[in-house]
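Have a look at the structure below before the remarks.
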Amino acid sequence: MTTIAYLVSSAGTITMADGSTHPTGYFAEEALKPYKAFRAAGFDVTVVTPDGNAPTADPYGLQWFFHYPEEDKDYLSSVVRTFAHDVDDIRFTLHHNTELGLAAARRIALLLEAEGYSFADAHELVSKAAKVAWRQDRRLADVMVEDGIDGGLTSAAIHQATADQRAASESLARERKSELEAIEGFNHPVDLRSLSEDAMATFDAVFAPGGHGPMVDLAGNPDVGRLLVALHSKAAPIASLCHGPALMLSAPERADGQWLFDGYRMTCFTDEEEVQTEPGRLGLPWFVDTALKNAGAVFDDGPAAWVSHVVVDRHVITGQNPGSTEAVAAAVVTALHKRSVREAA
């Protein structure tokens, strides 16, 4: 059976640039979705932490605005595309995505449809209001009510739709946290230090989810370096997401003195995205994006911040941000299936 080393940070705090400490851990969505995807694909998933301690979810990553239900997320994307025909023409930031109530667009559109609007007309009206909200940095509900773009809906109905969306996201965050806490491997992970090189070589791939935790205990870790060498030597998939690519900084130098992954194309959470996060604004000790470039990576980020972006270079698979979670998991599944076919031939 195909076996994946699911390498999760067990760090609970990170030391900031000013010497203070800040809560951290793994990012819940990035840890749960790939785990479920790999299990659904029939893979054996062994949860491993650098010290054998149970990992904890980053409290920041459990905030409601990181957990939009898929239907709300997809509808919001379709709305944004109406005023972002070319991603170079728009800067859609974390602030826009999480603080303006734009994720309520689908629920408001449903209210409009109940009042007799067609799907297309409701979408057009909500998109018009969303564009104003984005341009003027105002909440979607306020724009619709105050600017007369309400389509006949009452202020109470529009604000209730926004509140309902938030409640759904809060519920989803709690559900994901509970799912992770119920996974045996997350409660009793394997201690990476206890694995010999031969044991590490039995894995068919490694995957590391993000959250700021990997910056604490996956970077510059000699045991992570041993795992990378074991898998790299047989060209097994080495995959990571968001801040997870910090593990690549544990790779040793080759015989020629260059970093093991020198010249490999890869991505991670970008500096542009980082400065929009709460920890980034408070002052992180270093940024993964810059560190990978300095190590020798050929950095390949997406056309805009926060869009899904996955880079596959040989057997190294990296995803840029939380929005890349499903895509990077799918890339790992595809790579492992192809590998199985080759080995069976």
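Basis for what follows: all heavy atoms, side chains included, without hydrogens, waters or symmetry-related copies. Here the structure is a predicted model, which is why all the values come from computation and not from measurement.
Without hydrogens or angle criteria, Y264 side chain to V316 main chain gives no donor-acceptor distance under 3.5 Å. Of the possible donor and acceptor atoms, none in the side chain of D147 sits under 3.5 Å from a partner among the backbone N and O of I149.
The aromatic ring centres of F207 and F43 sit 6.0 Å or more apart. Checked against a 6.0 Å centroid threshold, the rings of F269 and F287 do not count as neighbours. For H123 and Y75, the ring centers are positioned less than 6.0 Å apart. Checked against a 6.0 Å centroid threshold, the rings of H232 and F261 count as neighbours.
Each of V229, L231, L192, V206 was evaluated against M200; a single residue qualifies, L192, per the side-chain contact (heavy atoms from CB on, under 4.5 Å) test. Screening K36, E29, E30 against L32 for a side-chain contact (heavy atoms from CB on, under 4.5 Å) leaves a single residue, K36. Under the side-chain hydrogen bond (donor to acceptor under 3.5 Å, both in side chains) rule, H212 has a single partner from E278, H22, E274, which is E274.
One finds a salt bridge joining D300 and R265 here, because a Lys/Arg side-chain nitrogen approaches an Asp/Glu carboxylate oxygen to under 4.0 Å. For the pair R166 and E170, the salt-bridge criterion is met [side-chain N within less than 4.0 Å of a carboxylate O]. Ion pairing between K33 and E70 holds under the 4.0 Å rule for side-chain N and carboxylate O.
In this structure, H188 places its NE2 atom where only 12 or fewer heavy-atom neighbours from other residues, nucleotides or ligands lie under 6.0 Å away.
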| message | Assess the residue pair T162 and H159 against the criterion (side-chain hydrogen bond (donor to acceptor under 3.5 Å, both in side chains)); give the C-alpha distance rounded to whole Å, side-chain angles, the decisive distance to 0.1 Å, and a yes or no. | response | CA-CA 5 Å; T162 302; H159 283 94; over 6 Å; no
| task | Would you sort out whether S9 and D217 count as a side-chain hydrogen bond (donor to acceptor under 3.5 Å, both in side chains), showing the intermediate values? | result | CA-CA 6 Å; S9 166; D217 58 5; 2.9 Å; yes
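With F299 as the aromatic partner, K293 meets the cation-pi criteria of under 6.0 angstrom to the ring centre and within 45 degrees of the ring axis.
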